Amino acid sequence: MIASGNNLSDLIERTILAERLPPDFDQTIESFYMPLADHLAKVHSAPGNAHDQPMVVGINGGQGSGKSTLSLFLKLLLEEGYGLSTVVISLDDLYLTRAERIALADARHSLLATRGVPGTHDVALGMRLLDRLANDDGGGVRMPRFDKASDERVPQADWQAVTGPVDIILFEGWCVGARPQAVGALDAPVNSLERNEDPGGVWRGYVNA
């Protein structure tokens, strides 16, 4: 079970205040977040699990559903309660740069200039990041960051450095773990955007692929 103590309780309380969460949010943490952290720690330490690579945990949910808050507290609980080095990767920080999305829009479909859907992320950057975190021996890994206000990736010089080795990677994003639909399911537009802006299904086909 998670290590108890005033230090952890104080850290949780300070984080609740810093995140401007309701005063009773500690009940959510105790009822849901702590059992989940305990489960992840047990899976990580289970006999037979390989420990030469980090365990990657996908966190999926719609916009505003609490993915970032869950990830924040899971990291806190896993590190302070179990001594497991934990890193959070947000899918949002892996968006293509604005110039790359504009080029993609020119080559494929104008809607791809707008970040959000699968196909507007830098998959190669994400794969390199996971690989570096898995193999870092203490040299440090810089974590990419995307600034939604400017709709642009933050310069690499300003990326935060994380030092390995890493035990658990929490990978959160609205379409993490999503699977493509059957091609036939894309034939009929489902809303006015698809009907008016993508009548030929080029954009949704690219996203699905």
Side-chain angles (χ1 to χ4, degrees), residues 19-20 54 56-72 75 86-136 139-164 166 169-209:
E19 294 297 310
R20 299 182 179 180
V56 181
V57 180
I59 297 177
N60 172 289
Q63 187 177 22
S65 61
K67 300 182 299 298
S68 297
T69 301
L70 172 60
S71 300
L72 174 67
K75 174 178 168 62
T86 305
V87 171
V88 177
I89 300 176
S90 172
L91 183 67
D92 289 353
D93 287 324
L94 299 176
Y95 282 128
L96 293 167
T97 65
R98 182 167 178 77
E100 289 169 333
R101 282 179 282 120
I102 290 174
L104 181 62
D106 289 341
R108 296 284 186 165
H109 193 284
S110 60
L111 287 177
L112 292 169
T114 302
R115 57 180 164 80
V117 296
T120 60
H121 302 89
D122 191 332
V123 177
L125 173 63
M127 296 301 291
R128 289 196 304 271
L129 178 61
L130 288 169
D131 184 64
R132 288 170 182 169
L133 287 170
N135 295 287
D136 183 55
V141 178
R142 288 193 172 274
M143 304 293 291
R145 188 163 62 86
F146 193 92
D147 179 21
K148 292 182 179 178
S150 64
D151 193 30
E152 188 60 273
R153 187 180 299 161
V154 172
Q156 189 168 348
D158 297 326
W159 294 2
Q160 181 182 2
V162 171
T163 302
V166 175
I169 298 172
L170 303 175
F171 183 31
E172 63 96 350
W174 76 269
C175 59
V176 169
R179 296 290 184 268
Q181 294 178 270
V183 175
L186 306 177
D187 291 342
V190 299
N191 54 30
S192 59
L193 175 70
E194 293 188 356
R195 185 166 50 254
N196 298 328
E197 303 294 331
D198 185 39
V202 174
W203 174 67
R204 54 188 185 270
Y206 183 83
V207 171
N208 200 49

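Counting begins at 1 with the first residue of the sequence. Just so you know, these numbers use all the heavy atoms, side chains as well, and skip hydrogens, waters and symmetry mates. Worth saying up front: this structure is predicted, and the values here are computed from it rather than measured.
Taking CG of Leu104 as the start and OG of Ser110 as the end, the distance is 11.0 Å to the nearest 0.5 Å. In this structure, CD on Gln156 lies 7.5 Å from CZ on Arg142, to the nearest 0.5 angstrom. Separating the CG atom in Leu72 from the OG1 atom in Thr86 is a distance of 11.5 Å, to the nearest 0.5 Å. Residue His109 holds its NE2 atom at 11.0 Å from OG1 of Thr114, rounded to the nearest 0.5 Å. Atom CD of Glu100 and atom NE2 of His121 lie 12.5 Å apart (nearest 0.5 Å). With rounding to the nearest 0.5 Å, the separation of CG in Leu129 from CH2 in Trp159 is 8.5 Å.
Between Val117 and Leu111 there is no side-chain heavy-atom pair separated by less than 4.5 Å. You'll find the side chain of Leu193 reaches within 4.5 Å of the side chain of Trp203, heavy atoms only. Residues Met143 and Asp93 are not in side-chain contact: their nearest non-hydrogen atoms beyond the backbone lie 4.5 Å or more apart.
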Exercise. Determine, step by step, whether Val141 and Val166 satisfy the side chain to side chain contact (heavy atoms under 4.5 Å, CB included) criterion, reporting the C-alpha distance in whole Å, the side-chain angles of both residues, the deciding distance to 0.1 Å, and the verdict.
Key: CA-CA 11 Å; Val141 178; Val166 175; over 6 Å; no
Q | Residue pair Leu112, Arg101: steps toward the side chain to side chain contact (heavy atoms under 4.5 Å, CB included) verdict | A | CA-CA 6 Å; Leu112 292 169; Arg101 282 179 282 120; over 6 Å; no
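Shown here for Asp158 and Val154, the closest heavy-atom pair between the two residues is CB-CG1, 3.6 Å. What you find for Glu172 and Val88 is that their closest heavy atoms are CG-CG1, 4.3 Å. Shortest non-hydrogen contact noted between Leu91 and Gly173 is CB-CA, 3.8 Å. Nearest heavy atom pair, residue Leu96 against residue Arg153, reads CA-NH2, 3.8 Å. Trp174 approaches Pro118 most closely through the heavy-atom pair CZ2-CD, 3.8 Å.
Within a 6.0 Å sphere centred on CZ of Arg98, heavy atoms belonging to other residues, nucleotides or ligands number 12 at most.
Asp92 pairs with exactly one of Lys148, Lys67, Arg145 by the side chain to side chain donor-acceptor pair (under 3.5 Å) rule, that one being Lys148. Under the side-chain contact (heavy atoms from CB on, under 4.5 Å) test applied with Phe171, the options Ile59, Leu94, Leu130, Val87 reduce to a single match, Leu94.
Ion pairing between a basic and an acidic side chain is recognised when a charged N comes within 4.0 Å of a carboxylate O; Asp151 and Arg115 show such pairing.
Checked against salt bridge (Lys or Arg N to Asp or Glu O under 4.0 Å), Glu194 has the following partners two or more places apart in sequence or in another chain: Arg204. Residues satisfying the side-chain hydrogen bond (donor to acceptor under 3.5 Å, both in side chains) test with Ser150, not counting sequence neighbours, are Asp147.
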